[in-house]
Amino acid sequence: MSDTLDRNLALRIGLAARALPGFAPADLIALLDAAVGLPLSEEKLDGLSMKAFRKAGGERFIAIPGVAQKDALAMLKGEAAADAALPDLDPFAEGDMPGSLRIACASNGGERLDGHFGSCGRFLIYQVSAEDCRLVDVRATAGSEEAEDKNVWRADLIADCQVLHVVSIGGPAVAKVVRRNIHPVKHPRALDARAVMADMQRVIAGSPPPWLARAMGREAETLKPFLSDAELADAEQ
């Protein structure tokens, strides 16, 4: 069916499916068939209400955050396509930015920190130092629903990161994340991811808490006032 869609309509559906964890474009087309009927058109999508969208989503929508549902509907209506598109990556090669941190942000669209760990559509991956911040990867979470343990699958997806920023994360998932030496940080509301990274840069440039200094390999500096000369020598080896 998707080969009968014009380019703009196909873009709307593709972006909306990306915002809904566990949905492929074909799944979303089947949902839209139930909601507005085939053949699809921009006029039908523009007239789609949230009530009809959620009704067609049925039980599959129960585990999807309301903000992700709203984002997907906005994309279907063509109201958020530009913001929802995958952000451009910054130039980066392994070995750049020595002493920096790799930080994951749970996201559902654009460069937003707005996702729950267990249901976000993707993780934005930043390399962050006091002087620089680069978006080095965007990792889609499609496939986690088929995994034996969704939380383990998602934790493994970001296993090269030292810090994880989320809007929400459950206790069992926290344990899986911490077990991979990733420090989770919860935020009470959605935020611009770049603004969160700017805050991280200020913390890194100042006096980072012990857990953050340790992740950066700066534990000896953080603990220096409390260590003897012999202990400092051991820590620096």
Side-chain angles (χ1 to χ4, degrees), residues 2 10-35 45 48 50-77 79-81 83-87 103-126 135 137-159 161 164-177 180 182 184-187 189-193 196:
S2 59
L11 176 62
R12 290 192 191 188
I13 292 171
L15 291 172
R18 188 179 296 163
L20 297 170
F23 271 76
D27 298 324
L28 185 53
I29 289 174
L31 183 156
L32 292 171
D33 182 18
L45 296 186
L48 179 61
M50 178 56 74
K51 182 178 180 179
F53 188 46
R54 285 176 170 161
K55 181 179 180 181
E59 293 185 358
R60 293 190 67 178
F61 268 28
I62 293 176
I64 298 177
V67 65
Q69 297 176 29
K70 291 178 181 178
D71 284 348
L73 182 59
M75 293 166 202
L76 287 172
K77 291 174 174 287
E79 297 170 356
D83 181 63
L86 286 174
I103 301 174
C105 289
S107 178
N108 288 308
E111 280 198 71
R112 296 283 292 168
L113 165 59
D114 60 2
H116 184 289
F117 174 77
S119 61
C120 65
R122 61 199 185 189
F123 289 106
L124 306 174
I125 309 297
Y126 292 92
L135 178 64
D137 203 2
V138 178
R139 298 175 186 171
T141 58
S144 65
E145 300 301 324
E146 289 75 38
E148 182 176 345
D149 187 317
K150 177 177 67 176
N151 291 330
V152 168
W153 190 97
R154 286 173 176 253
D156 286 342
L157 186 65
I158 58 169
C161 299
L164 164 68
H165 288 271
V166 296
V167 169
S168 181
I169 183 170
V174 167
K176 307 283 174 55
V177 168
R180 282 154 184 76
I182 305 169
V185 180
K186 290 205 304 183
H187 297 265
R189 65 184 186 282
L191 297 165
D192 177 83
V196 175

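Atoms considered below: every heavy atom in the structure, side chains included; atoms not considered: hydrogens, waters and symmetry mates. None of these values were measured; they are calculated from a predicted model.
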At what distance, to the nearest 0.5 angstrom, does CE of M75 lie from CG of L45? 13.5 Å

Is the shortest heavy-atom distance from the side chain of C120 to the side chain of R154 under 4.5 Å? yes

Take M50 and F53 through the test side-chain contact (heavy atoms from CB on, under 4.5 Å) and record every step on the way to the result. CA-CA 5 Å; M50 178 56 74; F53 188 46; 4.2 Å; yes

Closest heavy-atom pair and its distance - A140, L157: O-CD2, 3.7 Å

Taking all atoms of both residues into account, what is the closest heavy-atom pair of A159 and I182, and its distance? CA-CD1, 4.1 Å

Set out, in order, the CA-CA distance, both residues' side-chain angles and the distance that settles salt bridge (Lys or Arg N to Asp or Glu O under 4.0 Å) for D71 and R112, then state yes or no. CA-CA 12 Å; D71 284 348; R112 296 283 292 168; over 6 Å; no

Just by distance, do the side chain of N108 and the backbone of A68 share a donor-acceptor pair under 3.5 Å? no

Check: A24 main-chain N/O paired with D27 side-chain donor or acceptor under 3.5 Å: yes

Nearest non-hydrogen partners of A63 and S119, listed with the distance: O-CB, 3.7 Å

Using side-chain contact (heavy atoms from CB on, under 4.5 Å), reason through R54 and I64 one step at a time and then give a plain yes or no. CA-CA 10 Å; R54 285 176 170 161; I64 298 177; over 6 Å; no

Closest contact, heavy atoms only, A56 versus A34: CB-CB, 4.3 Å

Expected output: side-chain R180 to main-chain I158 donor-acceptor under 3.5 Å: no

Side-chain heavy-atom pair I13, L76 within 4.5 angstrom cut-off: yes

Under 3.5 Å, is there a donor-acceptor pair between the side chain of K77 and the main chain of L48? yes

Determine yes or no for a side-chain-to-main-chain donor-acceptor pair under 3.5 angstrom, with S107 supplying the side chain and L113 the backbone. no

Indicate the atoms forming the closest heavy-atom contact of P87 with R122, along with that distance. CD-NH2, 4.1 Å

L191 side, atom CG; E111 side, atom CD - distance, nearest 0.5 Å: 13.5 Å

Hey, are the side chains of I169 and L164 touching, using non-hydrogen atoms and a 4.5 Å cut-off? yes

side-chain contact (heavy atoms from CB on, under 4.5 Å) for V138 and I125? Distances and angles first, verdict last. CA-CA 6 Å; V138 178; I125 309 297; over 6 Å; no

Write down the atom of G57, the atom of L31, and the distance for their closest heavy-atom approach. CA-CD1, 3.5 Å

Would a distance-only check, ignoring hydrogens and angles, find a side-chain to backbone donor-acceptor pair under 3.5 Å from Q69 to F61? yes

Mutual orientation of the aromatic rings belonging to F123 and F117 [parallel < 30°, tilted 30-60°, perpendicular > 60°]: tilted

Here the gap from L20 atom CG to L15 atom CG, rounded to the nearest 0.5 Å, amounts to 11.5 Å

Sorted by chain and number, sequence neighbours left out, salt bridge (charged side-chain N to carboxylate O under 4.0 Å, His left out) with D192 holds for none

